[in-house]
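Numbers for residues simply follow the sequence, beginning at 1.
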Amino acid sequence: MSTIYTIGFTRKTAEEFFALLTGAGVETLVDIRLHNRSQLAGFAKQDDLAWFAREIAGIEYVHLPNLAPAQELFDAFKKQGGAWETFERGFRQLMDERDAYGSFDRELLRRSPCFLCSEPAPEHCHRRLVAEGLAATEAGLQVVHLQ
């Protein structure tokens, strides 16, 4: 059985974040954020995070914006206070339109991937939806959320 991990960096120190990744045996950090260069991301800013992952933990960094929500969908939920159910329905439709799971490089599944976003918990985060969507397409794939 293979495992897909998910993690959010918000409310974690770099020490906590990398301890969770290394403790789980993550080999590839898959960044699925729409915006990954923001100064607000601190240690999780794209170029810094790629360097930290490689140098601190020996983890490969990959950015897959195809698995991020569209800006309009993101704004409707985050900035305009939209309902999670509406976001989830729209996100699932977007993934279908992009054939995101059908075109996903299955080789990544063999490299202990962890899907990264900013939300501290998976309940209302698209990383959970991505992991569940992939797990539905691959027999024996389990999802573990690193808290």
Side chain [X], main chain [Y], donor-acceptor under 3.5 Å:
| X | Y | answer |
| --- | --- | --- |
| Thr10 | Ser118 | yes |
| Arg128 | Pro122 | yes |
| Glu16 | Thr13 | yes |
| Tyr5 | Ala24 | yes |
| His145 | Glu123 | no |

Which residues satisfy the salt bridge (charged side-chain N to carboxylate O under 4.0 Å, His left out) test with Arg111, sequence neighbours excluded?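 With neighbours one apart ignored, the set is Glu60.
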At their closest point, which heavy atom of Val26 faces which heavy atom of Thr28, and how far apart are they?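 Of all heavy-atom pairs spanning Val26 and Thr28, the closest is CG1-O, 3.6 Å.
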Salt bridge (charged side-chain N to carboxylate O under 4.0 Å, His left out): pairs with one or both residues in residues 135-147, sequence neighbours excluded: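 Listed once each, the pairs are Arg106-Glu138.
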Hey, what do you get for [atom1] ([X]) to [atom2] ([Y]), rounding to the nearest 0.5 Å?
| X | Y | atom1 | atom2 | answer |
| --- | --- | --- | --- | --- |
| Cys114 | Glu27 | SG | CD | 12.0 Å |
| Trp84 | Arg89 | CH2 | CZ | 12.0 Å |
| His126 | Phe91 | NE2 | CZ | 5.0 Å |
| Thr6 | Phe115 | OG1 | CZ | 9.5 Å |
| Ser112 | Ile59 | OG | CD1 | 9.5 Å |
| Leu146 | Lys12 | CG | NZ | 8.0 Å |

Report the C-alpha distance between Arg33 and Phe9 in whole Å, list the side-chain angles of each, state the deciding distance to 0.1 Å, and finish with yes or no for side-chain contact (heavy atoms from CB on, under 4.5 Å). CA-CA 11 Å; Arg33 293 176 289 170; Phe9 67 85; 3.3 Å; yes
Which is it for Leu29 and Leu49 under the side-chain contact (heavy atoms from CB on, under 4.5 Å) test, yes or no, and what are the steps along the way? CA-CA 9 Å; Leu29 187 59; Leu49 183 57; 3.8 Å; yes
Cluster question for you: counting only ILVMFWY and a side-chain heavy-atom cut-off of under 4.5 Å, with indirect links fine, are Leu141 and Val143 together?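 They do not share one cluster, since no chain of ILVMFWY contacts under 4.5 Å joins Leu141 to Val143.
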Check: Phe17 and Leu116 side chains under 4.5 Å, non-hydrogen atoms: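 Contact flag for Leu116/Phe17 side chains = yes.
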Min side-chain heavy-atom separation Val130-Tyr101 under 4.5 Å: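 Answer yes - side chains close enough.
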Inspect the surroundings of CZ in Arg11 and state if more than 12 heavy atoms from other residues, nucleotides or ligands are less than 6.0 Å away.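 Counting neighbours around CZ of Arg11, 12 or fewer heavy atoms of other residues, nucleotides or ligands fall under 6.0 Å, so no.
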Can you tell me if CD on Glu97 sees more than 12 non-hydrogen neighbours from other groups inside 6.0 Å?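 More than 12 heavy atoms, drawn from other residues, nucleotides or ligands, come within 6.0 Å of this atom.
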Can Asp31 and Val62 be said to form a side-chain contact (heavy atoms from CB on, under 4.5 Å), step by step? CA-CA 6 Å; Asp31 188 342; Val62 177; over 6 Å; no
Member of Leu129, Leu67, Leu134 meeting the side-chain contact (heavy atoms from CB on, under 4.5 Å) criterion with Met95: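 The option that passes is Leu67.
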Look at the rings of Phe87 and Phe77 and say which category their plane angle falls in: under 30° parallel, 30 to 60° tilted, over 60° perpendicular.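 Answer is tilted, since the angle falls between 30° and 60°.
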Would you call Arg92 and Glu88 a salt bridge, using N to O less than 4.0 angstrom?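 So Arg92 pairs with Glu88 through a salt bridge.
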side-chain contact (heavy atoms from CB on, under 4.5 Å) between Leu108 and Leu64, worked out: CA-CA 11 Å; Leu108 280 175; Leu64 296 181; 3.9 Å; yes
